[in-house]
Asker: 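Take this structure, written in C-alpha cells, and hold onto it; I'll ask about it next.
The analysis underlying the following values was restricted to heavy atoms, covering all of them including side chains, and did not include hydrogens, waters or symmetry mates. Below, chain A is the first sequence line, B the second, and so on; all start at residue 1.
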Protein chains: 2
Amino acid sequence: MEIYQLRYFLAVAETGNFTKAAQRSFISQPSLSQQILNLEEELGQKLFDRLGRKVVLTEAGNTLLDGAHRIITEVDQTLGELKSDPLLGPRVSVGAIPTVAPFFLPGVLAHCRARVGS
Amino acid sequence: MEIYQLRYFLAVAETGNFTKAAQRSFISQPSLSQQILNLEEELGQKLFDRLGRKVVLTEAGNTLLDGAHRIITEVDQTLGELKSDPLLGPRVSVGAIPTVAPFFLPGVLAHCRARVGS
DNA sequence: TAATATTACGTATTACGTAAAGATT
DNA sequence: AATCTTTACGTAATACGTAATATTA
C-alpha cells in the first residue's frame with residue numbers, strides 16, 4: 001500500500017467512476033484499474049462492488065476510506081510544512097555590538113541575502 | 001513521498017545510522033541512502049546532517065519525523081483493520097421461522113461454511 | 001586503517017499506456 | 001449500440017544490489 005494508490009482509491013471513491021477518477025488522477029483508466037486491483041489483492045479484500053456502471057464501496061472499502069482520509073490529510077499537511085519551505089533550513093546567527101547594529105546590519109544582511117539568492 | 005520511503009526515514013532517524021537502518025529495513029545500505037537522497041530532493045530540504053559517523057536530524061528532518069510518525073501510525077492501524085480480516089467481506093442474512101430455526105440452521109450453516117471454505 | 005556514507009552502473013521490478021475483450025444498460 | 005471495466009502485453013520509469021570511491025574518526 002502506497003500513498004499514490006490511496007490517492008487513486010480516493011478518486012474512485014469520490015467519483016464512483018473509474019473513468020472520471022483516472023482523468024482526475026492524470027493517468028489512463030486501465031492503469032488506475034490495475035492499481036485498485038493491486039490494492040485489493042494486497043489487502044485480501046474487495047474494495048468496490050462493480051455494479052454495472054455504478055461503483056460502490058464495500059464494507060472493507062468504507063474502512064479503507066476512513067483510513068485513507070486520515071492518512072492523506074496527514075501526508076498533505078506534512079508536505080505543506082516541508083516542501084521547499086524557505087523558513088526551514090540552516091540558520092545563521094549574527095552578533096554585533098548595539099552601537100553599530102542598527103547602522104550596518106540591515107545593509108549587510110540584505111547584501112548577503114542577495115548573494116545567496118534567498 | 002511514499003510510505004516505504006517514510007519507513008526508511010524512520011529507521012535512519014531511530015538508529016542514527018544508515019547501515020543499521022538498512023539492515024532493519026532488509027535492503028542494502030546504498031539503496032536506502034539513495035531513497036533518503038530522493039526524499040531530500042523531492043522536499044527540497046536536507047533531512048539529516050552527516051557529521052562523520054553521526055547522523056543527526058536537521059530542523060526539516062524533525063518536522064518530517066513528527067509527520068512520519070503520525071502517518072505510519074495511521075497506515076499501520078488501517079492495515080491492521082483491513083488485511084485479510086475474515087470478519088469483513090460479504091455478509092449473508094438468513095431468515096427462518098422460530099419453530100425450525102434451532103433444529104435446522106446450525107447444520108445447514110455449518111454445511112455452507114464447509115463448502116465455501118471459511 | 002576501520003567504519004560509514006555516497007557515487008556509478010547494471011538488473012529486475014513495476015507502474016503506465018495502448019489495444020482488445022468482456023460486461024452491463 | 002453505447003458506456004464502462006478488465007485483461008493482455010509491451011515500454012519506460014525506478015527501486016534495488018554490487019562494486020568502487022569518498023570521508024571521517
Asker: Quick one: label A:Phe48 by what it contacts on the DNA or RNA (base, sugar-phosphate, nothing), any heavy atom closer than 4.0 Å.
Answerer: nothing
Asker: Counting just side-chain N and O atoms, does B:Thr19 come under 4.0 Å of either OP1 or OP2 of C:dA3?
Answerer: no
Asker: Once you round it to whole Å, what is the distance between P of D:dT6 and CD of A:Glu41?
Answerer: 14 Å
Asker: For a quick test of reading the model: is some side-chain N or O of A:Ser28 closer than 4.0 Å to OP1 or OP2 of C:dC16?
Answerer: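 So the side chain of A:Ser28 is outside the cut-off, no N or O lying under 4.0 Å from OP1 or OP2 of C:dC16.
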Asker: Taking the nucleotide of DNA chain C with the closest heavy atom to each, which residue, A:Leu32 or A:Leu51, is nearer the 5' end?
Answerer: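 Nearer the 5' end of the strand: A:Leu32.
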Asker: Tell me whether the side-chain N or O atoms of B:Arg53 pair up with the base of C:dA2 as donor and acceptor below 3.5 Å, since no angle test is needed here.
Answerer: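 Under the 3.5 Å cut-off, the side chain and the base do form a donor-acceptor pair.
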Asker: Quick one: is B:Gln35 getting a side-chain N or O under 4.0 Å of the D:dA15 phosphate, OP1 or OP2?
Answerer: yes
Asker: Taking only the side-chain nitrogens and oxygens of B:Asn38, find out if one of them lies under 4.0 Å from OP1 or OP2 of D:dT14.
Answerer: no
Asker: Would you say B:Asn17 places a side-chain N or O within less than 4.0 Å of OP1 or OP2 belonging to C:dA3?
Answerer: no
Asker: Does the pair A:Lys46/A:Glu40 count as a salt bridge with the N-to-O cut at 4.0 Å?
Answerer: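 A salt bridge is absent here (no side-chain N lies under 4.0 Å from a carboxylate O).
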Asker: Return the 5'-most residue of the pair A:Phe26, B:Lys20 with respect to DNA chain C, ranking by each residue's nearest nucleotide.
Answerer: B:Lys20
Asker: Contact class for B:Leu37 (heavy atom, under 4.0 Å): base, sugar-phosphate, or nothing?
Answerer: sugar-phosphate
Asker: Could you tell me whether the phosphate oxygens of C:dT4, OP1 or OP2, come under 4.0 Å of any side-chain nitrogen or oxygen in B:Arg50?
Answerer: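 Negative; the distance criterion is not met.
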Asker: Give the ring-plane orientation class for A:Phe48 versus A:Phe9, where under 30° counts as parallel, over 60° as perpendicular and anything between as tilted.
Answerer: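 Aromatic pair A:Phe48/A:Phe9 classed tilted.
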Asker: What integer distance in Å separates A:Ile36:CD1 from C:dT14:C1'?
Answerer: 16 Å
Asker: Should B:Lys83 and B:Asp76 count as an ion pair when the cut-off is N to O under 4.0 Å?
Answerer: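 A salt bridge is absent here (no side-chain N lies under 4.0 Å from a carboxylate O).
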Asker: Rounding to a whole Å, what distance do you find between B:Gln23:CD and C:dA5:P?
Answerer: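 Computing the B:Gln23:CD to C:dA5:P distance gives 10 Å.
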Asker: Under 4.0 Å, counting only non-hydrogen atoms across every strand here, what does A:Gln29 touch: a base, just sugar-phosphate, or nothing?
Answerer: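 Result for A:Gln29 = base.
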Asker: Are A:Leu10 and A:Leu65 packed together at the side-chain level, in the sense that at least one heavy-atom pair is separated by less than 4.5 angstrom?
Answerer: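 They are in contact (side-chain heavy atoms under 4.5 Å apart), so the answer is yes.
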Asker: Under 4.0 Å: is that the gap between some side-chain N or O of B:Tyr4 and OP1 or OP2 of D:dT14?
Answerer: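 For D:dT14, OP1/OP2 do not have a side-chain N/O of B:Tyr4 under 4.0 Å.
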Asker: Do B:Val12 and B:Asn17 have side chains that approach each other closer than 4.5 Å (heavy atoms only, starting at C-beta)?
Answerer: no
Asker: For a quick test of reading the model: is some side-chain N or O of B:Ser31 closer than 4.0 Å to OP1 or OP2 of D:dG17?
Answerer: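 B:Ser31 to D:dG17 OP1/OP2: side-chain N or O found under 4.0 Å.
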